[in-house]
Amino acid sequence: MRDFFPGLAGVPAAKSSVSFVDGAEGILEYRGIRIEDLAEHSSFLETAFLLLFNHLPTKLELEHFNRDISQRRRIKYRIIDLLKSLPEQGHPMDALQAAVAALGMFYPTHEVLDEATRYLTAVRLIAKLPTIVAAFARLRRGDEAIQPRDDLSYSENFLYMLTEQIPDPSLVKIFDVCLILHAEHTMNASTFSGMVTASTLADPYTVISSAIGTLKGPLHGGANEAVIHMLEEINSLGQIPAYLDHKLANKEKVMGFGHRIYKVKDPRALVMQGFAQQLDAHRDTQSLFTLARAVEAHMESRVGTKGIRPNVDFYSGIIYHRMGIETDLFTPIFAMARVTGWLAHCFEQYQENHLFRPDQIYEGPHHRPYEPLETREPHSQ
Ligand code: CMC
């Protein structure tokens, strides 16, 4: 019997210098820099540059990067037409995945190792994802998509395209830091999915659309949306013990808790908790934040010793909810941030490529006879 690791848990699948995580100590670094330092001092686009090019940009490099991105925010009217043709009740992650795959048809990319092509592709993807997310959010309500504004910062422009209003600068800052915290996280499911696609030398648009599909699931990025549904279902402080104990007794997952790597509280959740608290200024006794704090306390008393603690998705949804963003846009916003990490890993993969082709342990039968259609009996399980 060969060794078998379900979910490839603990199996290194690549060498990387993009980020580092220590799950026992709760440390996350991007290119060697602690996320707490980036959250305090950096901007999302500066962090994106760091992830992609392995160093913090100079003032001039950052100016050029910002300019290149703001000049490429517009999407072609045929992408808008594509978004208009999708069912309005469909999930925005599916719309985003479809639109990103379609972008690849408008910008065919064959020279995946060419540096200039890579730069342009990265800039286009980072620039256009927010425009696609905001456009679908408006088109599905019957509103026109709002043109991006080159004079606004990345986060300011996204919030403007959602609401047609210039957002409050303090909210822009919080939103931008949330993007920094979501930008990268080592070898997670969506990054791996993107890398598998990159290993076939498929173009970056195809790589990113694979990763978006993987991020959607509730065990991964979809958890931020599921947390809000859970808190709304719990509805009041008094319901918390019964609700959580029932879930734990039935071995059901409590959304926003647990992590394959972290056995302490996710360092990203700690920063986001601070923002969620800041936004919950009125301390409403039934606010989502109040409920979340009580859920965390109850979970700690029940499963804290097993290392099941809040992850990045637990408080992020509460922040976006407070900002008035629709719940099903939380995971697309995660993708807008994570596209930077996905691209950094994708480029590493192209550089040192080895086609992913793992093995399996076959457990099926051999030498089965081919039964003719006329004599086949109904199949019983
Ligand atoms: N609620 C209740 N029990 C849990 C949870 C949870 N959220 N997470 C893990 N456990 C228990 C699980 O029941 C199992 O118990 P036992 O040993 O008694 O059988 C044990 O902990 C190990 O669980 P596992 O599912 O084998 O562990 P994993 O490393 O595969 O889990 C996880 C990682 C993220 C899939 C899981 O914790 C989970 O499903 N959490 C809820 C969904 C979620 O919040 N996902 C976001 C993850 S972080 C950000 C991101 O990737 O997007």
Side-chain angles (χ1 to χ4, degrees), residues 26 35-36 39-40 155 159 162-163 167-182 218-250 252-259 262-334 337:
I35 48 139
E36 292 82 356
E40 194 176 340
S155 291
L159 296 171
L162 270 188
T163 61
D168 180 309
S170 64
L171 293 186
V172 173
K173 175 69 189 156
I174 291 176
F175 186 80
D176 203 66
V177 175
C178 287
L179 297 181
I180 293 177
L181 297 172
H182 279 95
L219 295 190
H220 195 5
N224 56 13
E225 180 179 336
V227 167
I228 299 298
H229 296 314
M230 177 182 79
L231 293 174
E232 286 173 343
E233 212 181 317
I234 292 177
N235 190 36
S236 75
L237 290 171
Q239 302 288 337
I240 289 174
Y243 181 95
L244 294 177
D245 291 345
H246 177 79
K247 276 210 175 280
L248 293 173
N250 286 296
E252 285 175 44
K253 295 284 172 61
V254 177
M255 290 294 131
F257 282 82
H259 200 278
Y262 293 118
K263 296 307 159 209
V264 293
K265 190 164 168 178
D266 185 328
R268 302 165 296 176
L270 281 166
V271 180
M272 294 211 206
Q273 181 186 327
F275 288 141
Q277 181 161 6
Q278 195 181 317
L279 291 176
D280 195 47
H282 304 303
R283 302 282 182 281
D284 174 358
T285 50
Q286 295 301 329
S287 74
L288 290 185
F289 180 70
T290 308
L291 284 178
R293 293 297 294 145
V295 165
E296 183 178 347
H298 192 79
M299 285 293 280
E300 184 62 31
S301 71
R302 293 289 188 274
V303 290
T305 49
K306 285 175 76 177
I308 299 169
R309 301 208 156 87
N311 59 50
V312 66
D313 290 324
F314 191 58
Y315 287 105
S316 63
I318 296 170
I319 296 172
Y320 299 148
H321 182 84
R322 267 280 174 192
M323 289 181 170
I325 299 175
E326 293 161 281
T327 308
D328 62 0
L329 298 182
F330 298 172
T331 319
I333 290 171
F334 191 157

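Computed from a prediction, not measured in an experiment: that's the story for all the values here.
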Look up atom [atom1] in [X] and atom [atom2] in [Y], then write down how far apart they are to the nearest 0.5 Å.
{"X": "Glu36", "Y": "Leu181", "atom1": "CD", "atom2": "CG", "value": "8.5 Å"}
{"X": "Gln278", "Y": "Arg322", "atom1": "CD", "atom2": "CZ", "value": "12.0 Å"}
{"X": "Met255", "Y": "Ile228", "atom1": "CE", "atom2": "CD1", "value": "13.5 Å"}
{"X": "Thr290", "Y": "Leu237", "atom1": "OG1", "atom2": "CG", "value": "7.0 Å"}
{"X": "Arg268", "Y": "His259", "atom1": "CZ", "atom2": "NE2", "value": "5.0 Å"}
{"X": "Ile319", "Y": "Gln277", "atom1": "CD1", "atom2": "CD", "value": "11.0 Å"}

Could you tell me whether the side chain of [Y] reaches within less than 4.5 Å of the side chain of [X], counting heavy atoms only?
{"X": "His182", "Y": "Asp313", "result": "yes"}
{"X": "Leu279", "Y": "Leu171", "result": "yes"}
{"X": "Val295", "Y": "Tyr243", "result": "no"}
{"X": "Met323", "Y": "Ile174", "result": "yes"}
{"X": "His321", "Y": "Phe330", "result": "yes"}
{"X": "Leu162", "Y": "Leu329", "result": "yes"}
{"X": "His229", "Y": "Glu233", "result": "no"}
{"X": "Phe275", "Y": "Lys173", "result": "no"}

If I compare all heavy atoms of [X] with all of [Y], which pair ends up nearest, and what's the gap?
{"X": "Leu179", "Y": "Ser155", "value": "CD1-OG, 3.6 Å"}
{"X": "Pro310", "Y": "Ala269", "value": "O-CB, 4.0 Å"}
{"X": "Ile240", "Y": "Leu291", "value": "CD1-O, 3.8 Å"}
{"X": "Phe314", "Y": "Gly256", "value": "CB-O, 3.4 Å"}
{"X": "Val271", "Y": "Ala39", "value": "CG1-CB, 4.4 Å"}
{"X": "Phe257", "Y": "Glu296", "value": "CZ-CA, 3.8 Å"}

Run the side-chain contact (heavy atoms from CB on, under 4.5 Å) check on Glu326 and Tyr320 step by step: do they pass?
-> CA-CA 8 Å; Glu326 293 161 281; Tyr320 299 148; over 6 Å; no
Measure from the side-chain N and O atoms of Asp176 to the backbone N and O of Val172, and report whether any donor-acceptor pair falls under 3.5 Å.
->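 Judged by distance alone, no pair lies under 3.5 Å.
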Can you check whether Lys263's main-chain N or O pairs, donor with acceptor, with Arg309's side chain at less than 3.5 Å?
->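 Yes, the answer is positive, given that a donor and an acceptor are paired below the 3.5 Å cut-off.
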Go through Tyr315 and Arg293 one step at a time and tell me if the side-chain contact (heavy atoms from CB on, under 4.5 Å) criterion holds.
-> CA-CA 10 Å; Tyr315 287 105; Arg293 293 297 294 145; 3.2 Å; yes
Take Asn224 and Ile333 through the side-chain contact (heavy atoms from CB on, under 4.5 Å) test and state the conclusion after the steps.
-> CA-CA 10 Å; Asn224 56 13; Ile333 290 171; over 6 Å; no
Decide yes or no on side-chain contact (heavy atoms from CB on, under 4.5 Å) for Ile325 and Phe175, but give the supporting numbers first.
-> CA-CA 11 Å; Ile325 299 175; Phe175 186 80; 4.1 Å; yes
In terms of heavy-atom contacts, does CD of Glu232 have more than 12 from other residues, nucleotides or ligands at under 6.0 Å?
-> yes
Using 30° and 60° as the class limits, which term best fits the ring planes of Phe334 and His220: parallel, tilted or perpendicular?
->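 Correct class here is perpendicular.
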